[in-house]
Amino acid sequence: MLLYLNAAFAGLLILSNILAVKLFSIGSWAILPAAVIVYVFTYPITDIIGEVYGKEAARKTVFAGFVTQLLAAIFIFAAIHLPTAPFFGAQAEFETILSGSFRVTIASLISYLVSQNLDVFVFHKLKEKHGSKKLWIRNNLSTASSQLIDTTVFILIAFYGTMPLGALIGMVATQYIFKFIVALIDTPLVYLFVKIAKKERAGAEVNAAA
């Protein structure tokens with residue numbers, strides 16, 4: 001199960017970077033990058049890993065995700081600058097979809113490292129206090145705090161100085177509200193996958209002992 005959780009985590013990270021170029025609206029009050037519908041699910045994955053496999057496993061997952069994003073950025077950059085075939089007529093569209101600005105890329109990597117490590121730290125501080133009980137508290141509190149940091153750090157680094165401060169605050173608020181709602185909704189999924197992972201791990205330990 002740990003292998004699949006790590007694969008899902010890395011896959012969602014790469015997918016969120018690709019989807020970030022697409023903007024969608026919720027009524028007339030919010031405009032969000034499509035990446036938010038994917039990236040929000042990376043936090044419960046590290047919570048599941050931390051709950052079942054421990055803090056160190058969760059930290060390794062976060063670091064592996066950082067390396068994966070870095071490698072993806074390097075290979076995408078290389079692909080964009082490969083000589084274009086004469087009959088390939090979509091180079092401009094290819095660049096538009098896959099190439100983010102250097103500032104946005106740096107903002108994404110910094111906000112990722114800070115927020116994901118904070119998520120692991122807060123989750124395990126609460127686990128030390130509550131033991132195996134009250135998973136919903138540490139899942140939601142760690143995710144809520146880390147997503148606030150992630151949203152704030154990313155938007156400030158990526159867009160500060162390019163638009164009024166009020167607009168930046170509005171972007172942080174709308175994105176965070178969306179992420180917070182999703183975090184509350186996915187709590188039953190965290191319980192489900194923790195149960196599955198613990199059962200699978202217990203079975204593997206029994207088989208190993210035999």
Side-chain angles (χ1 to χ4, degrees), residues 1-22 24 32-76 97-98 100 105 108-124 126-127 132 135-151 154 175-176 178-205:
M1 178 61 76
L2 180 58
L3 175 64
Y4 295 112
L5 290 171
N6 279 316
F9 183 80
L12 290 175
L13 286 177
I14 301 304
L15 186 58
S16 67
N17 289 334
I18 295 172
L19 297 180
V21 69
K22 163 75 175 182
F24 71 97
L32 304 168
V36 298
I37 66 174
V38 176
Y39 188 65
V40 290
F41 292 103
T42 61
Y43 292 95
I45 289 177
T46 53
D47 289 349
I48 294 166
I49 291 173
E51 180 69 16
V52 179
Y53 303 99
K55 184 177 182 179
E56 189 59 30
R59 282 181 171 174
K60 288 180 178 178
T61 296
V62 170
F63 181 72
F66 175 77
V67 173
T68 300
Q69 290 183 90
L70 196 58
L71 289 174
I74 292 171
F75 284 117
I76 287 172
I97 296 299
L98 292 180
T105 301
S108 176
L109 291 174
I110 292 175
S111 60
Y112 167 84
L113 275 179
V114 173
S115 65
Q116 292 283 358
N117 280 294
L118 176 64
D119 180 66
V120 173
F121 174 80
V122 173
F123 184 90
H124 286 278
L126 293 170
K127 187 172 175 61
S132 60
L135 172 58
W136 67 273
I137 292 180
R138 53 184 173 276
N139 165 232
N140 284 293
L141 286 183
S142 64
T143 299
S145 58
S146 57
Q147 286 188 344
L148 177 60
I149 296 300
D150 176 76
T151 306
F154 174 78
Q175 288 196 34
Y176 180 67
F178 178 86
K179 291 176 179 179
F180 183 75
I181 292 172
V182 174
L184 293 177
I185 294 173
D186 69 29
T187 300
L189 291 176
V190 172
Y191 271 88
L192 174 62
F193 279 98
V194 164
K195 182 178 180 180
I196 293 172
K198 284 185 175 180
K199 183 177 180 180
E200 186 268 346
R201 189 181 187 191
E205 290 176 349

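Residue numbers start at 1 and run along the sequence shown.
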Nearest 0.5 angstrom please: Asn139 CG to Ile48 CD1, how far? 8.0 Å
Minimal heavy-atom distance between Val52 and Ala197, with the atoms involved, is CG2-CB, 3.8 Å
Nearest-0.5 Å distance that lies between atom OG in Ser16 and atom CZ in Phe41: 12.5 Å
To the nearest 0.5 Å, atom OG of Ser111 lies from atom CG of Leu118 at 12.5 Å
Classify the side-chain pair Gln116/Ser146 by whether it contains a donor and acceptor separated by less than 3.5 Å. no
Within a strict 4.5 Å, meaning less than it, do heavy atoms of the Pro33 and Lys22 side chains meet? no
Report the distance from atom CD of Glu200 to atom CE of Met1, rounding to the nearest 0.5 Å. 6.0 Å
Would you call Tyr39 and Asn17 a side-chain contact if the rule is heavy atoms closer than 4.5 Å? no
Is the shortest side-chain heavy-atom distance between Phe123 and Lys55 below 4.5 Å? no
Show the nearest heavy-atom pair for residues His124 and Gly50, with the distance to one decimal. CE1-O, 3.3 Å
Heavy-atom closest pair, residues Thr143 and Asp119: N-OD1, 3.4 Å
Measuring only between side-chain heavy atoms, which start at C-beta, is Leu109 closer than 4.5 Å to Leu70? yes
Looking at residues at least two apart in the chain, or sitting in another chain, which of them share a side chain to side chain donor-acceptor pair (under 3.5 Å) with Asn6? Thr61
Drop me the distance from Trp136's CH2 to Leu184's CG, to the nearest 0.5 angstrom. 10.0 Å
Parallel under 30°, tilted from 30 to 60°, perpendicular over 60°: which one fits the rings of Phe180 and Tyr176? tilted
Phe66 side chain reached by Leu13 side chain, heavy atoms, under 4.5 Å: no
From the options Asp47, Leu135, Asn140, select the one residue that forms a side chain to side chain contact (heavy atoms under 4.5 Å, CB included) with Thr187. Asn140
Heavy-atom check, side chain of Glu51 versus side chain of Lys198, under 4.5 Å: yes
For Leu2 and Ile49, work out which heavy atoms get closest and say how close. CD1-CG2, 3.9 Å
Give a yes or no on whether Tyr191 atom OH has more than 12 heavy-atom contacts from other residues, nucleotides or ligands under 6.0 Å away. yes
How about Phe154 and Ile110: do any of their side-chain heavy atoms sit closer than 4.5 Å? no
Aromatic plane relationship, Phe24 with Phe178 - under 30° parallel, 30 to 60° tilted, over 60° perpendicular: perpendicular
Are Tyr43 and Ser115 close enough that a side-chain donor and a side-chain acceptor fall under 3.5 Å? yes
Would Val40 and Asp186 count as a side chain to side chain contact (heavy atoms under 4.5 Å, CB included) if you check the C-alpha gap in whole Å, the side-chain angles of each, and the deciding distance to 0.1 Å? CA-CA 10 Å; Val40 290; Asp186 69 29; 5.8 Å; no
Point-to-point distance, once rounded to the nearest 0.5 Å, from NZ of Lys127 to OG of Ser132: 6.0 Å
Would a 4.5 Å heavy-atom cut-off, applied to side chains only, mark Val36 and Val182 as touching? no
